[in-house]
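Worth knowing before you read on, the calculation uses all heavy atoms, side chains too, and leaves out hydrogens, waters and symmetry mates. A, B, ... follow the sequence lines: proteins, then strands. Residue 1 opens every chain.
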2 protein chains.
Amino acid sequence: MATEKRGDGTVGKALDVLNEVAEIGSPVRFSSLLKTSKYPKATLYRLLQTLLNQDMLSYNAEEQTYKLGLKLVRMAHAAWLQSSLAPIALPFIDELSDKVSETVHLAQLDNGQVLYVDKRNPSSPIEMYSQAGKVGPAYCTGVGKAMMAFLDEDELSRVISKQAFFKYTDFTITSEKELRKELAIIKKQGISFDKQEHEAKIICISSPILSVKGRVIGGLSITSSIDIHSLESLEEYKPQLLETSKLIGKEAGAWNFPEQHN
Amino acid sequence: MATEKRGDGTVGKALDVLNEVAEIGSPVRFSSLLKTSKYPKATLYRLLQTLLNQDMLSYNAEEQTYKLGLKLVRMAHAAWLQSSLAPIALPFIDELSDKVSETVHLAQLDNGQVLYVDKRNPSSPIEMYSQAGKVGPAYCTGVGKAMMAFLDEDELSRVISKQAFFKYTDFTITSEKELRKELAIIKKQGISFDKQEHEAKIICISSPILSVKGRVIGGLSITSSIDIHSLESLEEYKPQLLETSKLIGKEAGAWNFPEQHN
DNA sequence: GAACTAAGTTCCACTATTTGGAAAAAGTTA
DNA sequence: TAACTTTTTCCAAATAGTGGAACTTAGTTC
């Protein structure tokens, strides 16, 4: 689904096109973009040229395809440093993953979705970058539910309205009603579980990261598979998970980490 | 130094502002940006509003500061997947780092600078994300020199013209003449060394990654410190490094990885 | 090799957006 | 309250963007 944005003039249109290219995920030809795009041929063409000029896109002359430019990778590094919880949380996540020897994820809510901003995987330190910047659904992931559970009603309904409720597995929650019930339980318990709701065999235990003022600024999870852990054995990590989340929240407060507007 | 770009209209200006925020590296106030910016107050203000609307920036109302938005992190993930060598090179880098048990970097030339797109660090799998998207100087890093050495004259002079020749250490090359001499040697040998030219104590051995057509598409390095290795002991990795580079080059050809325009 | 087709690029009169000086709000300090 | 700083709004003039149509290029067919 292409990102719809109310008129921010030309800049909005250009970024719209950039998003389209991003969402397609592989090099695209002009004509292919044109089919999807809401802009007329000449306009689209000019926008693409501008983005090329700005190195936001790169063009393969041989294949006549456009794709995202490396400039974005550079910018994102800066964005990650200054806008994500990751740099603040880094030492705490390291320590947690060392202690428990499990895969740890750090996420934030972004536009109703879960945005993973860091990950530790002690056993196999590979396939790592492939995770920062990755997005996932909020309604069927541990971190997503943990963060949602601690939003206030206004924020929550905004976030819920953005959920697709697609049934990934037999265990996926597929209605707002069910979700709200689950969130109430999570709020009581302070932690959430992903019971194979997003991917078969994958389970996790998660906690929200709250600012000193009690607002949700992120989520933390320990992920495993049913081949290795039961939900009960994951629950043993609860104290460490909560402790780490608390420490990160405090540190973020000290750093004056901004409260997001999800 | 702010990025100067010839007129791409409003879009160019907006991205210019975005760059400015990125380069400052920490949350900035309006007035602070205004001082640096070449745009008049009202214009700058509107550009910032547009970028905010588009989630490219986020705003902290309490502190009245702007910073890069998480949307960039998401986009960059897509960019990394579709425009960097990293996904293609992944298995080869894993294997190399496993075999040699040393820190391995994968880089590309971007606008005359070295852009690190992946890294493996077998001993301590931490501080990882902090590297993808990081940029470094080309004239005083192993990968930078290795890549430069295999550019054709046109590209090379363009890249050289962008070098700052800042003297980071006592060993930094600080003139075009010296650099060209060094590059000639590197071209002959097929590999380059960083002899503490960028950071004290840090040394590395690097090779360019060439496409099947012989064009530079990236660089690969094994990094260490003089506390652990001598240049001679690093040189022992030469065969493996060259072999891996060759494999990546081949694979990239198969994937039709585009030849960059540095 | 002329005629057809599809993809990409350019043109230009028309229009909508951007511009920026100036002035009003909002917030700070004295 | 006055003097100040910083941020935000306004609006007529100026500029930049628009998009239908025409053109170019490359590839295919008869």
Value in whole Å for how far the [atom2] atom of [N] lies from [atom1] of [X]:
X      : N       : atom1 : atom2 : answer
K38(B) : dG20(C) : NZ    : C1'   : 17 Å
L44(B) : dT9(D)  : CG    : C1'   : 15 Å
Y39(B) : dA16(D) : OH    : P     : 12 Å
L48(A) : dG19(D) : CG    : C1'   : 15 Å

Do you see a donor-acceptor pair shorter than 3.5 Å between the side chains of K67(B) and N60(B)?
-> no

Are Y39(A) and D16(A) linked by a side-chain donor-acceptor pair shorter than 3.5 Å?
->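 D16(A) and Y39(A) do have a side-chain donor-acceptor pair below 3.5 Å.
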
How would you list, by chain and number, every residue that makes a ring-ring contact (aromatic ring centres under 6.0 Å, His included) with F166(B), sequence neighbours excluded?
->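 Y168(B).
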
Who passes ring-ring contact (aromatic ring centres under 6.0 Å, His included) against F165(B), sequence neighbours left out?
-> Y139(B)

Dump the pairs, protein N or O against N or O of nucleotides 3-7 of chain D, anything under 3.5 Å, distances to one decimal.
{"unit_1": "dT7(D)", "atom_1": "OP1", "unit_2": "R29(B)", "atom_2": "NH2", "d": "3.4"}
{"unit_1": "dT7(D)", "atom_1": "OP2", "unit_2": "S31(B)", "atom_2": "N", "d": "2.8"}
{"unit_1": "dT7(D)", "atom_1": "OP2", "unit_2": "S31(B)", "atom_2": "OG", "d": "3.2"}
{"unit_1": "dT7(D)", "atom_1": "O4", "unit_2": "K41(B)", "atom_2": "NZ", "d": "3.0"}

Non-neighbouring partners of K13(A) that pass salt bridge (charged side-chain N to carboxylate O under 4.0 Å, His left out), sequence neighbours left out |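 K13(A) satisfies salt bridge (charged side-chain N to carboxylate O under 4.0 Å, His left out) with no other residue.
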
Pairwise side-chain contact, L151(B) with L109(B), heavy-atom cut-off 4.5 Å (strictly under) =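 Contact flag for L151(B)/L109(B) side chains = yes.
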
Dump every N/O contact between nucleotides 12-18 of chain C and the protein below 3.5 Å, one line per pair.
{"unit_1": "dT18(C)", "atom_1": "OP1", "unit_2": "T10(A)", "atom_2": "N", "d": "3.2"}

Please check if the side chain of E155(A) supplies one atom and the backbone of D152(A) the other of a donor-acceptor pair under 3.5 Å.
-> yes

List in chain and number order the residues that pass side chain to side chain donor-acceptor pair (under 3.5 Å) with R29(A), two or more places apart in sequence or in another chain; answer none if no residue qualifies.
->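 For R29(A), no residue satisfies side chain to side chain donor-acceptor pair (under 3.5 Å) once neighbours in sequence are set aside.
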
